[in-house]
Amino acid sequence: MDEARRVVLRGAGATGVLAVALAAGLLKPERAIAASWNKAAFDAKSAVDALKSIGAADTQESGDIVIEAPQIAENGAVVPIEVSSKIPGTTSLAVLIEKNPFPLAAHFKFTGGAMPFVKVNVKMGESSIVRVVADAGGKHYTATKEVKVTIGGCGG
Amino acid sequence: MSGPMKARARMQGSYADVRVLMSHPMETGQRKGRDGKPIPKHFIQNLEVKLNGKTVIEGEVSQAVSRNPVFSFRIGGAKAGDKVEISWLDNKGDTNKTETAVA
Amino acid sequence: MRATAFVWPLTAAIALATTQVAAQSRFEQYQKMVGEDSPAELFVLVGADLWRKKQGPKNASLERCDLGKGPGVVKGAYASMPRYFKDTGNVEDPETRVLYCMMTLQGRDRKEALKRPFGNADKPSEMEYLMAYLAFESRGYKIHPGKSHPKEKRAYELGKQLFFARTGLWDFSCASCHGTEGLRIRMSDLPVLSKAGPARAAMSTWPAYRVSNSQMKTMQWRINNCYRQMRTPEPNWGSEVVNSMHMYLMVTAEGGTYAGPGTKR
Amino acid sequence: MTTKKWMLAAGLTALVFSPAAVADLSYAEVQQIIKRDFHAKGQAKMDRLDQDVVQRVCTQSDDKPPADVAKAIEADQLAAIPFPSGSLMGDWKKGASSAWSGRGMQWHEDPKKPSGGGCYNCHEISAKRTSFGTIGPSLRGFGKKRGSGPDMQKYVYGKIYNAKAYSLCSHMPRFGTTGSLTEQQIKDLVAYILDSNSPNNQ
């Protein structure tokens with residue numbers, strides 16, 4: 001984290017007196033980026049454990065979460081997944097690839113005018129259920145979609 | 001080490017459609033190099049999107065995001081000319097950012 | 001490839017080109033989603049910088065390179081190659097021509113400039129970046145390689161014969177895989193490259209970002225890669241064989257709207 | 001190959017109109033250009049560019065050789081297959097992994113490691129594998145449908161060893177003739193296709 005901060009500060013162009021002040025903790029740097037990362041959730045080896053770690057152990061199925069993903073992907077290295085929630089008050093969306101070694105792939109929080117929508121390309125080791133969990137008013141809603149991963153090319 | 005980053009934002013009705021491309025290896029730690037040794041994990045962990053200086057999206061991602069990541073977001077209430085800034089931070093502390101005006 | 005011939009809808013004008021791609025594929029939804037926003041654009045950015053970068057013994061950029069439309073003209077050039085060049089007396093595709101410009105304008109040694117024509121995901125080659133840039137500058141242009149000079153005609157003829165010639169340890173011709181409609185290798189659809197429709201879809205989207213290995217790949221690489229899988233020795237970079245194969249494919253694709261760099265499996 | 005048949009094949013250009021060999025570039029010229037414009041790399045030596053009679057006849061006839069020519073050369077190819085004595089059924093489990101692997105004989109590959117058959121590149125076989133090509137016919141349930149006796153074993157072995165012995169301009173490589181697969185590997189593939197215990201016939 002120290003290394004991260006140092007680089008972030010350098011990236012922000014901190015030099016001279018300003019850098020000294022920042023290093024001494026006298027000034028808060030213009031926050032280049034939020035740096036909290038839920039290690040427990042991302043290291044979880046099952047979707048259930050990952051959901052517990054993000055505080056979403058209890059979920060209910062919802063038809064208002066839309067997952068657009070190809071039913072069949074030509075290559076697992078890039079599988080585009082577009083998710084959005086029509087549930088009023090949605091503040092976060094988590095994307096989990098259930099069969100991946102570490103299922104949680106992304107967790108986005110939305111504030112201000114940002115709509116609960118994200119499109120992201122993910123790696124899938126094999127065909128899997130893609131699970132999306134939305135947080136709205138402290139309640140968690142979920143939806144799934146299956147994506148089949150195939151193998152192309154000459155395999156050599 | 002970090003290559004280019006590119007963003008564009010366009011009004012689509014009531015929201016700004018924001019698309020961003022990033023150069024990053026997104027190493028999973030499971031791949032082996034030519035020398036047979038595993039290549040250490042190296043991936044983006046945090047993303048942030050700001051509209052006119054105010055944070056609107058905070059993302060945490062894993063090594064499962066594809067190499068050279070591509071993201072799309074939608075920001076309601078934006079208008080043409082608004083400033084959109086996007087930055088990332090990876091597990092080694094490398095960072096990069098870009099900005100664009102909503103068209 | 002026909003199957004991967006979506007068009008990246010950067011502009012409305014380009015999007016019109018999708019109408020020429022009628023082929024249906026089980027991967028259509030996948031390819032459309034992958035192509036909508038592609039890292040290919042990052043390679044275009046780096047390529048544009050490299051094109052303008054002064055380097056080599058003459059400390060010059062490639063900006064005055066004559067790609068067939070006069071020195072310094074890059075718009076539409078990629079889509080109008082390969083073509084015959086009077087100064088070299090040869091039919092040259094974009095990569096072969098850019099090598100010539102590196103040698104003449106920048107004063108670089110052929111060996112040095114060609115040390116690493118094909119890169120990898122960790123370190124793409126200079127040529128791969130440059131081709132992404134030149135390809136981008138041809139978006140929306142009609143594919144129209146040189147067809148009138150006798151050497152251009154010869155290149156087409158040679159390319160055509162090469163396309164159908166059985167060769168290599170495993171007796172393949174290009175047509176073994178790319179000559180019959182509706183076939184696939186594993187789950188990859190195989191475009192019939194001797195027919196205008198599929199050839200247009202394929203040739204309008206090379207060079208391409210390959211998502212399977214996160215690399216920008218050029219047409220010289222693509223031809224090289226086919227021969228590798230045909231179990232032949234390696235074709236010489238920039239040789240008459242490779243340029244002629246490229247010519248045959250581009251002439252077959254003539255009239256298509258160029259939309260590279262593409263994004264493929 | 002007998003002298004008579006060599007002559008027959010060599011004279012083919014005159015017999016068959018070939019759309020692939022037109023205009024001012026002769027067959028010989030094209031072959032010369034090919035040899036000039038390639039270089040040996042790794043295990044892929046330049047002799048791989050020497051067209052043998054099969055490649056030449058198929059190239060010159062646009063893969064449609066006259067029936068009598070095809071028959072004569074096919075017979076020669078068949079006669080050159082060294083069929084092992086005894087059972088041709090190997091281990092279907094080994095055959096399964098070899099059928100799936102597409103590696104082997106390419107210039108960047110280590111020739112000491114065994115090649116795969118790459119069967120799934122072109123053929124549908126076991127229902128367990130959902131990624132398969134369609135250049136060749138489906139072989140799913142082949143043993144169940146067609147039997148697995150000595151004659152069928154010999155046919156499948158021969159087909160893998162040298163597909164050109166059965167259909168001259170087939171697009172299938174000659175895995176045995178070219179040394180791409182060993183006798184044991186071919187037997188294992190025969191079992192994968194025919195053995196009643198193989199998932200292909202379950």
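Naming convention: chains lettered A, B, ... in sequence-line order (proteins, then strands); numbering from 1 in each chain. Just so it is clear, the values below take in all heavy atoms, side chains as well, and ignore hydrogens, waters and symmetry mates.
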Would you call B/V61 and A/F108 a side-chain contact if the rule is heavy atoms closer than 4.5 Å? yes
Under 6.0 Å between ring centres, would you say that holds for B/Y15 and A/F117? no
Non-neighbouring partners of B/A64 that pass side chain to side chain contact (heavy atoms under 4.5 Å, CB included), sequence neighbours left out: A/N100, A/A105, B/S62
Report, as yes or no, whether the 6.0 Å neighbourhood of atom CG on A/D58 holds more than 12 heavy atoms from other residues, nucleotides or ligands. no
Tell me, side chain or backbone of B/Q63 under 4.5 Å from chain A's heavy atoms, or both, or neither? both
State, to 0.1 Å, how close A/A114 and B/V56 come at their nearest heavy-atom pair, and which atoms those are. CB-O, 3.3 Å
How close do B/T55 and A/T111 get, counting heavy atoms only, and between which atoms? O-OG1, 3.2 Å
In terms of heavy-atom pairs under 4.5 Å with chain A, the winner among B/S72, B/G59, B/G77 is B/S72
Out of curiosity, B/R74 CZ to A/F110 CZ, how far, rounded to the nearest 0.5 Å? 11.0 Å
To the nearest 0.5 angstrom, please state how far the NZ atom of A/K39 sits from the CD atom of B/Q45. 9.0 Å
Toward chain B, the part of A/P116 with a non-hydrogen atom under 4.5 Å: neither
Lys NZ or Arg CZ of B/K41 over A/F102 ring: under 6.0 Å, within 45°: yes
If I compare all heavy atoms of A/K123 with all of B/T28, which pair ends up nearest, and what's the gap? NZ-CG2, 3.4 Å
Measure the NE2-CD distance between A/H107 and B/E58 for me, rounded to the nearest 0.5 Å. 11.0 Å
If one checks every heavy atom of B/R19 against chain A at 4.5 Å, the contacting part turns out to be neither
Nearest-0.5 Å distance that lies between atom CE in A/M115 and atom CD1 in B/I75: 10.5 Å
Side chain, backbone, both or neither of B/L51 within contact of chain A (heavy atoms, under 4.5 Å): neither
One option among A/G113, A/P101, A/G125 has the most heavy-atom pairs under 4.5 Å with chain B, and it is A/G113
